[in-house]
Protein chains: 2
Amino acid sequence: MPRATTTSDIFNAIAEPRRREIIGLLSNGQRWSVTQVVEAIEHPQPAVSKHLAVLKAVGVVDVEKAGKERLYFLKPEVLKPVHDWVKPYEKLWDTQLARIKTRAEQKAAERAQKN
Amino acid sequence: MPRATTTSDIFNAIAEPRRREIIGLLSNGQRWSVTQVVEAIEHPQPAVSKHLAVLKAVGVVDVEKAGKERLYFLKPEVLKPVHDWVKPYEKLWDTQLARIKTRAEQKAAERAQKN
DNA sequence: TTGACATATTCCAATAACGGAATACGATAC
DNA sequence: GTATCGTATTCCGTTATTGGAATATGTCAA
């Protein structure tokens, strides 16, 4: 069994850095033509069109026709599963950092006592 | 150019659902032997060992030897880049929901005025 | 209708994933 | 040392991906 398709879910779609970059561009809420995306990220037009097709397949972007242009825009809510999955772990490194910080403060307090 | 390696970064590593599942298991902060993981997720041992190897390669888990067992545990901070990347988008679907809510409230207010 | 522009699609080559099966390695116990 | 348990590794076949190049499709304007 090969690796899951890039279009099989949002986790596979965003594994590719340039696709995350495109999502980042569209995050300003504006509609972007393919040419604009091509100019922003430095990559040939066919490659960009392919990445956009993957993003569209998983639903994280959608298109609007405008004459000869295609205007892509973000559907951010499709990223929610990623957020929901990773959010709980935030607490783990938070508490770990908190623990380190606490220990550092304790040592500082000990040093202060000695003097 | 082929797809990026699953071990090339955390985004590629977590694209595979069973690897996310394993991360979920280890999120209780305990050390898990391979056998325990095998029993928890239903999957043959070699497959689990391979997934663990990928997770270890990107650093999101680490191992400790204990006799003939290998005890794996989570290094949650490696997930931080994923969290950091996706977090800003939260606001987008939040405001979108907020906008819908606002509109609903406006309509309710309009209806209230008519009566 | 011809041409120019915007975008999508197709074909290619190279690469790596995944599960499965078999097997190898390593540690303990007898 | 031999058996056994726990785990890792190797080999296999199938399949998708990626960028690149070339080309096709579609839309508008002159």
Side-chain angles (χ1 to χ4, degrees), chain A residues 1-23 25-26 30-74, chain B residues 1-23 25-26 30-74:
Chain A
M1 198 182 276
R3 209 207 293 214
T5 304
T6 53
T7 57
S8 59
D9 62 42
I10 185 64
F11 285 93
N12 279 282
I14 66 168
E16 158 68 44
R18 255 175 286 257
R19 283 196 289 264
R20 290 200 299 280
E21 203 180 340
I22 293 175
I23 289 175
L25 291 175
L26 306 200
Q30 297 302 117
R31 279 145 174 69
W32 288 65
S33 74
V34 176
T35 301
Q36 288 175 320
V37 175
V38 167
E39 285 167 1
I41 78 179
E42 312 221 312
H43 222 50
Q45 173 267 318
V48 169
S49 282
K50 286 175 201 167
H51 283 313
L52 286 168
V54 171
L55 294 174
K56 179 157 183 347
V58 300
V60 72
V61 306
D62 205 350
V63 209
E64 219 176 50
K65 299 188 184 179
K68 40 186 162 185
E69 299 186 341
R70 301 295 153 98
L71 304 180
Y72 284 85
F73 56 97
L74 194 61
Chain B
M1 199 182 280
R3 211 205 293 214
T5 304
T6 53
T7 57
S8 59
D9 62 41
I10 185 64
F11 285 93
N12 280 281
I14 66 168
E16 157 67 45
R18 255 175 287 257
R19 284 196 288 265
R20 291 199 300 279
E21 204 181 339
I22 292 174
I23 289 175
L25 291 175
L26 306 200
Q30 297 300 120
R31 280 144 173 70
W32 287 65
S33 74
V34 177
T35 302
Q36 288 175 319
V37 175
V38 167
E39 284 167 1
I41 77 178
E42 312 220 314
H43 222 51
Q45 174 268 315
V48 168
S49 282
K50 285 174 202 168
H51 283 314
L52 285 168
V54 170
L55 295 174
K56 179 157 182 351
V58 300
V60 72
V61 306
D62 205 350
V63 209
E64 218 175 51
K65 298 187 184 179
K68 41 185 160 187
E69 299 187 340
R70 302 295 154 98
L71 303 179
Y72 284 84
F73 56 96
L74 193 62

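Lettering of chains follows the sequences in order, A, B, ..., and the numbering in each one begins at 1. Basis for what follows: all heavy atoms, side chains included, without hydrogens, waters or symmetry-related copies. Note that the structure is predicted; figures quoted are calculated from it, not measured.
- Across all their heavy atoms, A66(B) and L71(B) have their closest contact at CB-CD1, 3.8 Å.
- Under 3.5 Å, the side chains of H51(B) and R18(B) contain no donor-acceptor pair of N or O atoms.
- Residue R3(A) places no side-chain N or O under 4.0 Å from the OP1 or OP2 atom of dG19(C).
- DNA chain D is contacted by K50(A), H51(A) of residues 47-58 of chain A, taking any non-hydrogen atom closer than 4.0 Å.
- Of all heavy-atom pairs between H43(B) and V38(B), the closest is O-CG1, 3.4 Å.
- In terms of phosphate contacts, R19(A) brings a side-chain nitrogen or oxygen within less than 4.0 Å of OP1 or OP2 of dT18(D).
- Atom NE2 in H43(A) sits about 14 Å away from atom C1' in dA21(D), given to the nearest Å.
- The side chain of P2(B) approaches dT17(D) more closely than any other nucleotide in the set dG19(D), dT17(D), dA17(C).
- Atom-to-atom, CD of E64(B) to P of dG6(D) comes out at 18 Å; the value is rounded to the nearest Å.
- The side chain of Y72(B) contributes an N or O atom lying less than 4.0 Å from OP1 or OP2 of dA8(D).
- Atom pair N12(B):CG and dT17(D):C1' shows a separation of 11 Å (rounding to whole Å applied).
- Closest-nucleotide positions on DNA chain D for T35(B) and T6(A) were compared, and the one nearer the 5' end corresponds to T35(B).
- Along DNA chain C, the nucleotide nearest E69(A) and the nucleotide nearest A4(A) are compared for position; the residue whose nucleotide lies closer to the 5' end is E69(A).
- Checked against Y72(B) for a side-chain contact (heavy atoms from CB on, under 4.5 Å), the options D62(B), V34(B), V37(B) give a single hit: V34(B).
- The backbone N or O of S8(A) lies less than 3.5 Å from no partner atom in the side chain of T5(A), so there is not a single donor-acceptor pair.
- In this structure, I41(B) places its CD1 atom 13 Å from P of dC18(C), rounding to the nearest Å.
- Atoms CD1 (I22(A)) and C1' (dT7(C)) sit 14 Å apart, rounded to a whole Å.
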Open item on the list: Does the protein touch nucleotides 23-29 of chain D at the base, only the backbone, or not at all? Give it as B, S and - per nucleotide, heavy atoms under 4.0 Å.
Closed with: ----BS-

- [ ] Using the side chain to side chain donor-acceptor pair (under 3.5 Å) rule, take Q45(A) and S49(A) through it: C-alpha gap first, then chi angles, then the decisive distance, then the call.
- [x] CA-CA 6 Å; Q45(A) 173 267 318; S49(A) 282; 3.1 Å; yes

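- Between E64(B) and the choices R70(B), K56(B), R31(B), the salt bridge (Lys or Arg N to Asp or Glu O under 4.0 Å) rule is met once, by R31(B).
- Looking at every heavy atom in both residues, V60(A) comes nearest to L74(A) through O-CD1, 3.3 Å.
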TODO: Take R19(A) and V54(A) through the test side chain to side chain contact (heavy atoms under 4.5 Å, CB included) and record every step on the way to the result.
DONE: CA-CA 9 Å; R19(A) 283 196 289 264; V54(A) 171; 3.7 Å; yes

